[in-house]
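Since the structure comes first, as structure tokens, the remarks are kept for the end.
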Amino acid sequence: GEITQIPPMYSALKRDGKKLYELARAGKEVERAPRPVTIHALEVLDQTGPDRYTLRVRCSKGTYVRTLCHDIGQALGCGGAMFSLCRTMAAGFSLEQAVSLEAVQSQGDSLLLPTDSLFTAYPILLLSSEQTEKRVRCGNPITLPATPDGTYRVYSQEGQFLCLSRASGGTLTSIKNFFGA
């Protein structure tokens, strides 16, 4: 569920133009406003010692897991600290998709994913004519009465990813164009 967290002083958030961790290094502490975050799932995977546990957390961006461990310890009345963290997913990318710095240095651009791979959660809409493609490329809405409301990955007749668009009431309107990029 949704909880609030007070960002730690070692975070990269700014206060009066200074990063909190810079203030912390200077020995200063400032008041920080609580921020809402969502904990989607929290499970105990293993007990690795009398007072050590392995947890899996699925949370929203902006969650401070170290702070979450501290807060759980406070709620249990025993204290809590994080020993290590392994981020298995971030921004929709899994740990299995990660590549080493050496691979990036040797393979470069060949490792880049196509832009439309970021939007696979949305169905494909293939444009059926040059006229509709021209309208889309000019940023104009198009009428598609049989298209259910929702967000779509829009492609040209030749299969080129053009844009992310929203259909509503039979009209398709571009959200973000990607052609020419």
Side-chain angles (χ1 to χ4, degrees), residues 1-7 11-14 19 32-45 54-68 71-72 85-181:
E2 191 170 289
I3 63 171
T4 57
Q5 286 190 324
I6 296 175
S11 72
L13 295 176
K14 290 185 177 181
K19 292 180 180 167
R32 286 119 28 226
R35 299 164 57 115
V37 296
T38 303
I39 306 301
H40 301 288
L42 176 65
E43 60 182 306
V44 177
L45 298 179
T54 301
L55 305 176
R56 176 180 292 150
V57 181
R58 194 167 55 85
C59 54
S60 66
K61 70 176 187 171
T63 302
Y64 294 96
V65 178
R66 187 177 283 114
T67 300
L68 179 64
D71 293 347
I72 290 170
L85 174 68
C86 177
R87 195 178 304 266
T88 59
M89 180 171 275
F93 294 99
S94 69
L95 187 57
E96 292 77 31
Q97 293 173 291
V99 295
S100 68
L101 179 57
E102 291 78 18
V104 171
Q105 289 171 334
S106 66
Q107 299 172 42
D109 288 353
S110 68
L111 295 172
L112 295 176
L113 298 173
T115 304
D116 58 338
S117 69
L118 299 172
F119 306 109
T120 57
Y122 303 113
I124 292 172
L125 193 148
L126 187 62
L127 298 176
S128 59
S129 73
E130 284 184 36
Q131 182 183 2
T132 56
E133 182 179 337
K134 186 175 181 179
R135 289 187 58 78
V136 166
R137 286 183 179 274
C138 289
N140 295 314
I142 56 174
T143 303
L144 296 173
T147 305
D149 289 357
T151 302
Y152 293 88
R153 289 180 287 155
V154 178
Y155 293 82
S156 70
Q157 289 179 293
E158 291 77 31
Q160 180 191 7
F161 178 52
L162 299 176
C163 59
L164 199 61
S165 294
R166 182 171 294 115
S168 179
T171 300
L172 187 73
T173 307
S174 174
I175 298 170
K176 176 68 178 164
N177 295 328
F178 293 97
F179 51 85

Only pairs at least two apart or in different chains count here, so list each salt bridge (charged side-chain N to carboxylate O under 4.0 Å, His left out) that has a residue in residues 124-134. E133-R137
Is it the case that atom CZ in R66 sees more than 12 heavy atoms from other parts of the structure closer than 6.0 Å? no
Working to the nearest 0.5 Å, report the span between CD of Q131 and OG of S128. 9.5 Å
Return each pair, listed once, that meets side-chain hydrogen bond (donor to acceptor under 3.5 Å, both in side chains) where at least one residue sits in residues 108-122; pairs must be two or more places apart or across chains. D116-Y155
Would T54 and V44 count as a side chain to side chain contact (heavy atoms under 4.5 Å, CB included) here? Give the steps. CA-CA 6 Å; T54 301; V44 177; over 6 Å; no
Could you state the interatomic distance from CG (L164) to CG (L125), rounded to the nearest 0.5 Å? 11.0 Å
For S174, give me all partners under side chain to side chain donor-acceptor pair (under 3.5 Å), at least two apart in sequence or on another chain. N177
Return the OG to CD1 distance between S165 and I175, rounded to the nearest 0.5 Å. 6.5 Å
Sequence-distant partners of E43, salt bridge (Lys or Arg N to Asp or Glu O under 4.0 Å), two or more places apart: R56
Looking at every heavy atom in both T4 and P34, which two are closest together, and how far apart are they? CB-CB, 4.0 Å
Closer than 3.5 angstrom, by distance alone: can the side chain of R135 be matched with the main-chain N or O of P141 as a donor-acceptor pair? yes
Decide yes or no on side chain to side chain contact (heavy atoms under 4.5 Å, CB included) for T171 and I142, but give the supporting numbers first. CA-CA 6 Å; T171 300; I142 56 174; over 6 Å; no
Report yes or no: does R35 contribute a side-chain atom to a donor-acceptor pair with the main-chain N or O of Q5 at less than 3.5 Å? no
Heavy-atom closest contact (L127 atom, V136 atom, distance): CD1-CG2, 3.9 Å
Quick one: sort the F119 and F178 rings into parallel, tilted or perpendicular, breaks at 30° and 60°. tilted
Minimum heavy-atom separation for S168 and D149, please, with both atom names. CA-OD1, 3.2 Å
Heavy-atom closest contact (C59 atom, I39 atom, distance): CB-CD1, 3.9 Å
Starting at OG1 of T132, measure out to CG of L172 and round the result to the nearest 0.5 Å. 9.5 Å
If the condition is side chain to side chain donor-acceptor pair (under 3.5 Å), which residues does Q105 pass it with, not counting sequence neighbours? none
Hey, does L113 have a side-chain heavy atom less than 4.5 Å from the side chain of F93? yes
K19 to A12 - nearest heavy-atom pair and separation: CG-O, 3.8 Å
Rounded distance (nearest 0.5 Å) linking atom CG of L118 with atom CZ of F161: 8.5 Å
Please check: side-chain N/O of S156 versus main-chain N/O of E158, any donor-acceptor pairing under 3.5 Å? yes
Can you check whether I3 reaches L68 side chain to side chain, under 4.5 Å on heavy atoms? yes
Which distance, rounded to the nearest 0.5 Å, do you find between the SG of C163 and the NZ of K176? 11.0 Å
Listed partners of R166 passing salt bridge (Lys or Arg N to Asp or Glu O under 4.0 Å), at least two apart: none
A167 and T147: which non-hydrogen atoms are nearest, and at how many Å? CB-CG2, 3.9 Å
Hey, is the main chain of S94 close enough, under 3.5 Å, to the side chain of Q97 for a donor-acceptor pair? yes
